[in-house]
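In what follows, a structure is listed as structure tokens, so that the remarks can point back to it.
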Amino acid sequence: MGVPRPAGEFDTSYARDMATIRQPWQWWLLFAFILALYGLPFYASQSTVSLVNRIAITIIAVQGLNLLTGYTGQISLGQAAFMTTGGYISALLVNQAGWPFLAALPLAALGAGVIGLIFGLPSLRVKGFYLAMATLAAQFIIPWFTRNAFPDVLNGAQGLNVQSPVLFGIVFNTPQKYLFLSLTVLVLSTVVAHNVSRSRLGRAFVALRDHDLAAELLGMNLFKYKLQAFFLAAVYAGLAGALAAHNIRHLNSETFNLNDSVVFLGMLVIGGLGSNLGPIFGAIVVELLIEFATLFGPFFITLFPSTAAGAVQALRPLFFGITLMLFLIFEPRGLAHRWQLLKAAWRLRPFSH
Amino acid sequence: MNSDDDHLSVKDVTLSFGGIMALNDVSFGARRGEILAIIGPNGAGKTSLLNCLNNFYHPDQGSIFFEGHDLTRLPPYRIAQLGIARTFQHTALYTGLSTLDNLMAARHIHMRAGMLDSLLYYGRARSEDIAHRQVVEEIIDFLEMEHIRKSIVGALPHGLRKRVDLGRALAMEPSLLLLDEPMTGMNLEEKEDMARFILDIHDRRGITILLIEHDMGLVMDIADRVVVLDFGTRIAEGPPDEIQRNEAVINAYLGKTDIR
Ligand SMILES: Nc1ncnc2c1ncn2[C@@H]1O[C@H](COP(=O)(O)OP(=O)(O)OP(=O)(O)O)[C@@H](O)[C@H]1O
Ligand SMILES: [Mg+2]
């Protein structure tokens, strides 16, 4: 270890080495970017703001899935069902019990977390394909429950009308106002996901994913960490579900469905599994793609007039499917990996030719 | 043979897979602070024995005592927390993590940060990471792995991966270290490095080491005592020079290229 140095010096140098953002200008850039997002209502159209709201909420759901599937290696087809759980809890607390939104949201997240943990129990026994099937059960049971249980409270297949959140006397009833909420939760959820990935918990998650046997023989309680991963993923889903429900102001058993759960996994693959940038890249790309497909639809009809109108609707899954295929073939590690390569090349700039 | 002050004591352990007797009534003891080699032809049951120590394989009968704990009654992760670390014959690293993080992950058993601490990564989780980082850096220096500190281990060559595997076990600061063929697939130079590391670890930390190794010359050089397994049965136990002359051992290896 060479010349002994005082401990304080080690501490600061390790702390600096561990820091994610090292240059002041990077902090400023990030800060400016976030500020620009918060300022969107002042210079962007309503439809753009709505889209950003939707993307922000989607990212939160995918971040949760990333903790579970990307970091811990436990596949889940139930993320949308836990969004449903969070959405219903928050809607009921605000609508029926008259709770303030700020109290309902964390409870929705926790409630979804507990339900997620219960559906994560099969992971203690099975992996991979079988686990996917087990989590798929959540996607059937939870919507069934909301359709059929307590009809006087949950209102069956009709579902609920959900009130706009009220915070500090302000009613968040326009996309412009709502953006403040969804971005704030997104910033927090991103910081927390980042913290998980660099901490004791995150190392345990990845250890479990990369070699569960070694992880167990070297001192990690796999049961505990699997359940914590399922819990956290569902907490994120609960947050996203509640945010989405209060945004679109309506909720039924089909608002978040199996299709969403599958698309979330696709977003994760496209963005990059097990990277904190993955959910952000993936959700943005896929949402923009869907947006593009919608815009492209009418143009498609002028090109091929004989196409049935229904086929235009079908363009979205088609675009999504093709993109997913291309990524699986050419870059299975997703956009986040490309981004890392790009950054590395940039850093070596003077020497790279 | 067993004696009362053994650090690790294996008594009458039998393990079978269907019709195969992987271990047949095996008994031996490891004294505190010794390097005990376990040798035997392929399929003799050496790895199975380590797996029993981890209680990953559950013996059909017999007992295994370590510092007063019956290992056959504890879950594997608890056994690691008692101070038993191991490396793997076929390296079993956390391939997606860097060398540094593989070792940090091994510090797990010495850390206390819970889920909430990790979510906030402020206060305990952070200061704990910094403190343990120092221990890990010392091991990285000791094993001469500075140049691969930040490399993702999945992409490292075999010899270095074996070294990270050893580093990861060391980072647990065990009192009993189980090494399953730490030198297989290495060239001569790498083997010598590894042997030097093992001897250094033993000298500096005085920990008990159970070493499975096929290279007989190496075993004779560094082991204090040797246990020989053949078809799941312990056929000999003693100091290296005695083992080399042992009739049963020579017969077990007859016609095999393992012994040199
Ligand atoms: N999980 C298992 N299921 C079935 N049989 C097993 C299992 N593990 C080990 N065996 C059998 O037990 C016997 C001992 O295997 P083991 O791996 O312990 O041998 P070894 O001494 O480590 O050999 P090598 O030098 O090749 O590593 C072999 O016959 C092996 O096939
Ligand atoms: Mg073996």
Side-chain angles (χ1 to χ4, degrees), chain A residues 1-2 5 7-20 67 70-71 73 113 188-189 191-225 227-229 231-232 235 273-275 333 340, chain B residues 50-51 54-56 75-82 84-88 91-97 100-102 104-122 125-134 137-138 141-142 150 153-154 165 168-169 171-172 178:
Chain A
M1 188 152 286
R5 284 179 292 173
E9 211 170 310
F10 276 126
D11 288 2
T12 46
S13 64
Y14 290 148
R16 205 177 311 126
D17 190 55
M18 280 154 42
T20 320
L67 290 177
Y71 282 104
L188 291 177
S189 72
V191 171
V192 168
H194 176 58
N195 286 345
V196 169
S197 70
R198 61 176 169 172
S199 65
R200 178 178 193 243
L201 184 63
R203 288 188 295 265
F205 281 173
V206 176
L208 197 167
R209 174 196 74 189
D210 284 352
H211 211 296
D212 54 355
L213 172 64
E216 187 171 21
L217 299 195
L218 298 182
M220 291 170 185
N221 182 349
L222 299 192
F223 288 8
K224 182 171 123 186
Y225 290 113
L227 291 185
Q228 287 189 352
F231 173 78
L232 282 178
V235 162
L273 279 153
S275 150
R333 280 172 295 186
Q340 294 300 341
Chain B
L50 291 202
N51 285 340
N54 285 124
N55 206 15
F56 171 57
Y77 75 91
R78 287 277 308 131
I79 292 173
Q81 291 167 359
L82 292 178
I84 300 182
R86 80 177 268 188
T87 66
F88 297 84
T91 39
L93 295 170
Y94 309 136
T95 44
L97 292 176
L100 183 65
D101 280 335
N102 265 274
M104 284 298 283
R107 295 299 295 169
H108 194 86
I109 55 171
H110 297 292
M111 293 184 158
R112 290 290 154 265
M115 186 172 78
L116 262 181
D117 295 305
S118 286
L119 298 186
L120 301 176
Y121 205 69
Y122 188 80
R126 215 177 110 81
S127 56
E128 203 177 50
D129 264 13
I130 292 173
H132 288 267
R133 172 80 187 267
Q134 199 158 327
E137 288 290 345
E138 275 166 29
D141 283 359
F142 169 65
K150 296 267 167 95
V153 301
D165 199 6
R168 183 176 63 174
M172 293 168 67
L178 315 174

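A, B, ... follow the sequence lines: proteins, then strands. Residue 1 opens every chain.
Contact annotation for A/Ala193: neither backbone nor side-chain heavy atoms come within less than 4.5 Å of a heavy atom of chain B. With a threshold of 4.5 angstrom between heavy atoms, A/Leu232 approaches chain B through side-chain atoms but not through N, CA, C or O. With a 4.5 Å cut-off on non-hydrogen atoms, B/Met111 touches chain A through its backbone and its side chain both. Contact annotation for B/Leu82: neither backbone nor side-chain heavy atoms come within less than 4.5 Å of a heavy atom of chain A. For chain B, no part of A/Leu208 is nearby; none of its heavy atoms comes within less than 4.5 Å. Only the side chain of A/Arg209 comes within contact range of chain B, judged by heavy atoms closer than 4.5 Å.
No other option in A/Leu201, A/Leu213, A/Leu217 has as many heavy-atom pairs under 4.5 Å with chain B as A/Leu217. Between chain A and the residues B/Ile109, B/Leu97, B/Ile84, the most heavy-atom pairs under 4.5 angstrom are made by B/Leu97. In terms of non-hydrogen atom pairs under 4.5 Å with chain B, the most contact-rich of A/Ala204, A/Gly219, A/Gly202 is A/Gly219. No other option in B/Met104, B/His108, B/Arg78 has as many heavy-atom pairs under 4.5 Å with chain A as B/His108. Taking chain B as the reference chain and counting heavy-atom pairs below 4.5 Å, the highest number among A/Lys224, A/Arg198, A/His194, A/Arg200 is found for A/Arg200. Between chain A and the options B/Gly154, B/Ser118, B/Ala113, heavy-atom pairs under 4.5 Å are most frequent for B/Ser118. Ranking B/Ala80, B/Ser127, B/Ala92, B/Pro75 against chain A, the residue ahead of the rest is B/Ala92, based on heavy-atom pairs under 4.5 Å. Among B/Ala125, B/Gly96, B/Ala85, the residue with the largest count of heavy-atom pairs under 4.5 Å with chain A is B/Gly96.
Comment: B/Arg133 engages A/Asp17 in a salt bridge, judged by a side-chain N to carboxylate O separation of less than 4.0 angstrom.
Side-chain atoms of B/Tyr121 and B/Asp129 form a donor-acceptor pair, as typed in the model, at a separation below 3.5 Å.
Residues B/Tyr94 and B/Arg168 meet the side-chain proximity criterion, which asks for heavy atoms closer than 4.5 Å. Considering only heavy atoms from C-beta on, A/Val196 comes within 4.5 Å of B/Leu119 through its side chain.
Minimum heavy-atom separation, A/Tyr225 to A/Phe205: O-CE2, 3.4 Å.
Distance check, rounded to the nearest 0.5 Å: NZ of B/Lys150 to CG of B/Asp101 gives 9.0 Å.
A donor-acceptor pair is defined here as one N or O able to donate and one able to accept, closer than 3.5 Å; no such pair exists between the side chain of B/Asp165 and the backbone of B/Leu93. Formation of a donor-acceptor pair under 3.5 Å by the B/Asn51 side chain with backbone atoms of B/Phe56 is not found in this model. Judged purely by atom type and a 3.5 angstrom limit, B/Asn54 has no side-chain atom pairing as donor or acceptor with the backbone of B/Pro76.
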